[in-house]
2 protein chains.
Amino acid sequence: MGKQEDINELFKSSESDVYGEGLTPKQKRILEAAIQMFSEKGYSSSSTSEIAKRAEVAEGTIFRHYKTKKELLLAIVTPVMSNLLAPFIIRDLDKVLKKNYKSYEDFLIAIVKNRQEFIEKHISIVKILIQEIPFHDELRSQFIDRIGKEVYTRLEAIVSHFQAKGELVEMPTQTAIRLTASSIGGFLFARYILLPEHDWNDEEELKHTIHFIMNGMKAR
Amino acid sequence: MGKQEDINELFKSSESDVYGEGLTPKQKRILEAAIQMFSEKGYSSSSTSEIAKRAEVAEGTIFRHYKTKKELLLAIVTPVMSNLLAPFIIRDLDKVLKKNYKSYEDFLIAIVKNRQEFIEKHISIVKILIQEIPFHDELRSQFIDRIGKEVYTRLEAIVSHFQAKGELVEMPTQTAIRLTASSIGGFLFARYILLPEHDWNDEEELKHTIHFIMNGMKAR
DNA sequence: AACTAAAGTGAGTAATCACTCATTTTTTAT
DNA sequence: ATAAAAAATGAGTGATTACTCACTTTAGTT
């Protein structure tokens with residue numbers, strides 16, 4: 001059904017390659033098994049002993065690589081958190097906007113298609129992230145401080161940019177961002193979490209969704 | 001901060017008054033403690049022993065009233081699930097629509113204000129419901145079969161009604177419902193879950209949100 | 001007051017939990 | 001080939017888990 005996670009690509013090394021460059025085969029199996037279990041049963045209903053069993057590895061091996069169970073969770077979830085919203089964190093955003101996107105609509109289409117690919121590829125981990133964020137302070141503060149605020153700042157700039165061009169109606173940028181994000185987030189949520197088995201026409205739905213946003217906020 | 005749950009009102013009796021009419025004082029304290037803990041730490045990270053401690057009750061008392069821990073969860077969550085979407089399940093919907101709401105906009109304003117009150121009152125339990133639905137088959141199937149489908153049918157009728165009046169642009173009703181629900185759900189999510197501490201101007205936000213929906217889907 | 005049913009108790013149960021560590025196996029460097 | 005380092009093991013740890021049960025207390029009825 002869903003595509004397999006590409007463990008190698010996502011977990012290569014956290015920041016630079018200061019940390020070890022590769023993963024042990026068994027370490028990979030541990031991550032795969034943990035991702036499976038966490039997304040199926042939730043973090044705290046998943047026992048390390050069953051993760052070990054699924055990975056066909058001794059339980060001790062898990063704790064050789066990850067000091068605690070929570071560290072294992074963070075190792076899984078942190079890289080997607082960083083990459084999920086990465087496209088929003090760009091230098092010289094203003095130049096990029098002027099060059100690449102002549103309308104808010106173009107910008108939205110590009111960003112959604114791009115993020116949809118990513119989500120599709122890492123849907124299990126995205127699920128875990130969404131599920132566990134409310135219960136782990138480290139996760140929440142990491143998300144809000146490091147990612148959320150930065151992304152929000154960029155989005156503010158983008159919306160202001162197109163408002164100044166007279167393309168979007170004047171309303172608090174905060175509200176504009178919320179409405180845009182809700183519409184797109186609502187689509188992705190319905191598409192991948194609520195009714196993933198439904199027979200979706202992605203192209204068509206995306207078109208409707210973005211037209212809806214544009215009409216809803218169009219300056220007239 | 002948040003308002004207290006009104007245990008008495010919500011848990012009076014499941015269906016008719018066939019079941020016992022009231023709750024023991026200790027039973028009430030158990031429910032209050034469990035709601036608190038489940039919403040703070042999640043269902044499976046909450047132990048029955050700590051629930052008992054918070055309720056100042058012997059652990060055995062919990063199991064006198066609820067055979068299992070999961071039965072306790074269902075006792076908490078089922079009544080809000082029923083009441084949350086109850087206003088959508090109305091007989092003679094068409095008459096109600098024609099009499100009470102002359103536009104889709106009026107309908108939306110009424111329904112959102114009504115549901116916002118309910119969510120505000122029972123926000124902890126709504127959180128629990130959202131958190132636990134993915135992990136409990138009984139919950140999910142109950143929600144989809146008994147509530148979801150019925151509500152969806154009504155919404156379909158409502159959207160068709162206003163499309164026929166020429167008020168809404170022609171698009172698949174499914175898509176129209178999704179877009180409407182995303183916009184409103186996005187507001188409620190931001191308002192009560194993502195940034196509950198933010199200084200919200202509810203009236204203003206609601207106005208923007210509904211204008212956004214109306215413009216986005218207006219027939220022109 | 002006497003009887004009954006329901007409510008409440010808390011010590012006890014087996015199972016499971018995350019995690020440790022002494023030891024063995026495998027990989028790497030020389 | 002040999003030594004050193006890293007990876008892997010699995011039996012064992014005390015703590016905690018959901019749940020039971022024989023028993024006591026409370027509430028309601030006559």
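Protein chains get the first letters and strands the later ones, always in sequence-line order, with residue 1 at the start of each.
- Atom CD1 in I62(A) sits roughly 12 Å away from atom P in dC17(C) (whole-Å rounding).
- Separating the CD1 atom of I51(A) from the P atom of dT16(C) is a distance of 16 Å, rounded to the nearest angstrom.
- Atom CG of L23(B) and atom P of dA7(C) are 11 Å apart (whole Å).
- Whole-Å rounding puts the R64(B) CZ to dC19(D) C1' distance at 12 Å.
- Classification of E117(A) and K121(A) as a salt-bridged pair fails, no side-chain N sitting under 4.0 Å from a carboxylate O.
- In this structure, K53(B) does not pair ionically with E59(B), as no charged nitrogen and carboxylate oxygen lie closer than 4.0 Å.
- Using a 4.0 Å cut-off between charged side-chain N and carboxylate O, E138(A) and K70(A) make a salt bridge.
- Nucleic acid contact class of T48(B) (heavy atoms, under 4.0 Å, all strands): base.
- Side-chain N/O atoms of H65(A) include one lying less than 4.0 angstrom from OP1 or OP2 on dA8(D).
- Classification of E56(B) and K26(B) as a salt-bridged pair fails, no side-chain N sitting under 4.0 Å from a carboxylate O.
- In terms of phosphate contacts, T24(B) brings no side-chain nitrogen or oxygen within less than 4.0 Å of OP1 or OP2 of dA6(C).
- Nearest to the side-chain atoms of E59(A) among the listed nucleotides dT9(D), dC19(D), dA18(C) stands dA18(C).
- Here S47(A) reaches the OP1 or OP2 of dC17(C): one of its side-chain N or O atoms lies under 4.0 Å away.
- In this structure, L73(B) atom CG and dA18(D) atom P are separated by 13 Å, rounded to whole Å.
- Nucleic acid contact for T61(A): base, since at least one base atom lies under 4.0 Å from a heavy atom of the residue.
- Nearest nucleotide to the side chain of F63(A), out of dC19(C), dA7(D), dG8(C): dC19(C).
- Per the geometry, NZ belonging to K69(A) stands 15 Å off P belonging to dT20(C), to the nearest Å.
- Atom-to-atom, NZ of K28(A) to P of dA8(D) comes out at 12 Å; the value is rounded to the nearest Å.
- The nearest whole Å value for the distance from the CD atom in E56(A) to the P atom in dT9(D) is 11 Å.
- When atom types are taken as modelled, the side chain of K41(A) and the backbone of Q36(A) share no donor-acceptor pair closer than 3.5 angstrom.
- Regarding contacts with the backbone of dT9(D), a side-chain N or O of K26(A) is found under 4.0 angstrom from either OP1 or OP2.
- Using a 4.0 Å heavy-atom cutoff across all strands shown, S46(A) reaches sugar-phosphate atoms only and no base atom.
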